[in-house]
Structure formats: C-alpha cells, structure tokens
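What follows is one structure encoded as structure tokens, with my remarks underneath.
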Amino acid sequence: MESIVEQPCPLCSSDAGLKMIALTTEIPYFGEHTQITLVCDSCGWKQTDFIPAEGRVPGIWSIKIDDVSKMNTRIVRSSSGIIRIIDLDLEVEPGASASGYITNIEGVINRFEDSIGIILRQAETEQEFDTIEKCEELLNKLNNIKNGEMQVTIEIIDPRGHSQILHEDAVFRDISEG
C-alpha cells in the first residue's frame with residue numbers, strides 16, 4: 001500500500017509530502033510483520049521500520065558466535081534496537097532517524113567495520129596515531145570473528161520488542177533482567 005503523508009520532510013522541509021509504503025509479509029521464524037517506509041521524493045530521505053503483527057515483549061536477544069556457520073544467522077533489527085558486540089565493547093544505538101533492517105551476523109559486523117573505517121580515515125587525515133591503532137586493532141578483531149578465529153557474543157536490546165535474532169542458539173531474556 002502506498003499513500004502520501006501530509007507532513008513536511010524532516011530533512012529538506014519539502015511540503016510535497018512524504019510517500020509512505022506499507023508492506024505486510026511473512027519472515028520465516030519471525031512471523032508476519034509490516035515494513036513501513038517513509039520516502040521524500042524531493043531529497044531522497046528514507047526511513048524504514050519493521051513492526052510485528054503480534055505483540056512483542058521488550059527484551060534482549062543474544063547469541064554466542066562460536067562457529068563461522070553462525071555468520072548466516074538472520075538478524076531483524078527495528079529502529080529501536082541497540083546492537084552490541086559485548087566482547088569488543090562496541091555498541092550502536094539508534095539515532096532519531098534510525099531505520100530498521102534485516103541482515104545476518106556478517107552484515108552486522110560489516111556495518112561495524114564501515115563505521116570504524118570512517119573514524120580511521122578521519123584519524124589518518126588528522127594524524128591521530130592512537131585512534132588509528134585502536135581502529136586497526138578493532139578491524140582486525142572483526143575480521144577474525146568473520147573467519148571463525150575469535151568468539152564473541154552479539155546482543156540486540158529492544159525496548160519495543162520488535163528486534164530478533166533468528167537462530168536456535170539465540171537466547172531471549174526480558175529487558176528488566178538486564
């Protein structure tokens with residue numbers, strides 16, 4: 001379903017309205033969900049989120065990555081999900097315009113690598129040698145995880161309960177258990 005929302009774009013303030021696209025589908029092992037995407041045709045701004053059809057409990061999903069085969073584990077991260085690689089003390093918190101996405105563990109690690117790469121390039125430009133060393137060390141560790149040479153635990157904290165790790169070894173706990 002596609003419709004126009006009579007709201008100005010939050011990025012460019014265009015009064016043309018935002019296009020809202022809603023698509024309801026079945027994600028294997030996750031159930032029916034609605035993907036809602038807002039798009040501004042004027043500047044290209046886009047935001048996507050996933051909303052499950054059935055009520056979810058706010059919680060924390062975690063999985064120990066102890067085998068390279070787990071790189072294909074499906075991840076559904078809503079716009080409210082916080083992703084952590086606990087053993088490396090890495091965390092991504094959603095910002096005001098965060099979008100949801102569906103990926104796998106390798107895709108999550110690639111997103112961390114991309115972010116660290118941005119910081120690394122800036123540190124190289126400004127010759128911040130301590131930051132360069134830390135970035136290179138983290139990138140090496142992330143590569144080791146992808147190659148099955150390092151074990152870590154990945155978790156998603158979602159106060160709305162819309163995120164999930166889809167693997168038989170994934171563990172769910174209530175958010176109040178911390």
Side-chain angles (χ1 to χ4, degrees), residues 1-63 71-85 90-123 125-126 135 138-139 142 146 154-167 170 172-176 178:
M1 178 178 90
E2 191 173 304
S3 60
I4 300 296
V5 179
E6 294 184 18
Q7 290 292 318
C9 173
L11 190 62
C12 72
S13 301
S14 168
D15 288 327
L18 299 172
K19 186 185 320 177
M20 180 175 78
I21 304 165
L23 174 66
T24 301
T25 58
E26 182 83 18
I27 299 176
Y29 312 106
F30 186 61
E32 187 176 300
H33 79 287
T34 301
Q35 176 181 335
I36 297 176
T37 301
L38 293 173
V39 179
C40 175
D41 287 335
S42 297
C43 71
W45 175 83
K46 180 171 105 173
Q47 182 172 11
T48 301
D49 204 358
F50 296 90
I51 302 168
E54 59 212 40
R56 298 284 185 190
V57 176
I60 302 170
W61 282 93
S62 63
I63 187 166
M71 287 296 112
N72 293 322
T73 298
R74 174 104 20 161
I75 301 287
V76 178
R77 181 215 173 246
S78 78
S79 64
S80 59
I82 300 167
I83 295 190
R84 292 181 179 167
I85 302 179
L90 292 175
E91 176 177 293
V92 173
E93 291 191 26
S97 62
S99 288
Y101 56 82
I102 298 175
T103 188
N104 58 21
I105 296 291
E106 184 174 6
V108 168
I109 292 170
N110 289 342
R111 287 171 183 261
F112 275 104
E113 287 176 331
D114 292 345
S115 296
I116 293 167
I118 292 168
I119 295 167
L120 176 61
R121 286 188 293 282
Q122 181 179 353
T125 300
E126 298 175 11
C135 288
L138 282 172
L139 289 170
L142 291 170
K146 289 197 296 190
I154 293 182
E155 73 178 12
I156 303 176
I157 302 166
D158 193 338
R160 294 187 188 153
H162 297 172
S163 300
Q164 191 171 3
I165 298 175
L166 305 173
H167 192 279
F172 176 82
R173 65 187 190 278
D174 190 277
I175 206 160
S176 63

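Owing to the predicted nature of the structure, the values given are computational and were not obtained by experimental measurement. Reckoned from all heavy atoms, side chains included, excluding hydrogens, waters and symmetry mates.
- Considering only heavy atoms from C-beta on, Q47 stays 4.5 Å or farther from T37 through its side chain.
- Contact detail for A170 and W61: the closest heavy-atom pair is CB-CE3, 3.9 Å.
- Going from atom CZ of R121 over to atom SG of C135 covers 10.0 Å, rounded to the nearest 0.5 Å.
- Remark: E6 CD is loosely packed, at most 12 non-hydrogen atoms of other residues, nucleotides or ligands lying under 6.0 Å away.
- The CD1 atom of I21 lies 11.5 Å from the CD1 atom of I36; values are rounded to the nearest 0.5 Å.
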Stepwise side chain to side chain contact (heavy atoms under 4.5 Å, CB included) check, I83 with E91:
CA-CA 6 Å; I83 295 190; E91 176 177 293; over 6 Å; no

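- Here the options are I63, I75, I60, the test is side-chain contact (heavy atoms from CB on, under 4.5 Å), and the partner is I156; only I75 passes.
- Side chain of S62 to main chain of E155: no donor-acceptor pair is present (N/O by atom type, distance under 3.5 Å, no hydrogens or angles).
- With contacts defined as side-chain heavy-atom distances shorter than 4.5 Å, the pair L18/P10 qualifies.
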Tell me, with the steps shown, if T25 and Q35 meet side chain to side chain contact (heavy atoms under 4.5 Å, CB included).
CA-CA 8 Å; T25 58; Q35 176 181 335; 5.9 Å; no

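- Taken to the nearest 0.5 Å, the CD1 atom of I157 stands 7.5 Å off from the CZ atom of R173.
- Considering CD1 of I102 and CG of L166, their distance stands at 8.5 Å, rounded to 0.5 Å.
- Proximity of D158 to S78: side-chain heavy atoms (C-beta onward) are separated by under 4.5 Å at one or more points.
- Looking only at side-chain heavy atoms (C-beta outward), C12 and W45 stay at 4.5 Å or farther from each other.
- The CD1 atom of I105 sits 4.0 Å away from the CD1 atom of I154 when rounded to the nearest 0.5 Å.
- The CZ atom of R160 lies 4.5 Å from the OG atom of S80; values are rounded to the nearest 0.5 Å.
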Side chain to side chain contact (heavy atoms under 4.5 Å, CB included) between L138 and F112: does it pass, once the steps are laid out?
CA-CA 9 Å; L138 282 172; F112 275 104; over 6 Å; no

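- Listed by first and then second residue, the side chain to side chain donor-acceptor pair (under 3.5 Å) pairs involving residues 102-118 are N110-K146, E113-K146 (not counting sequence neighbours).
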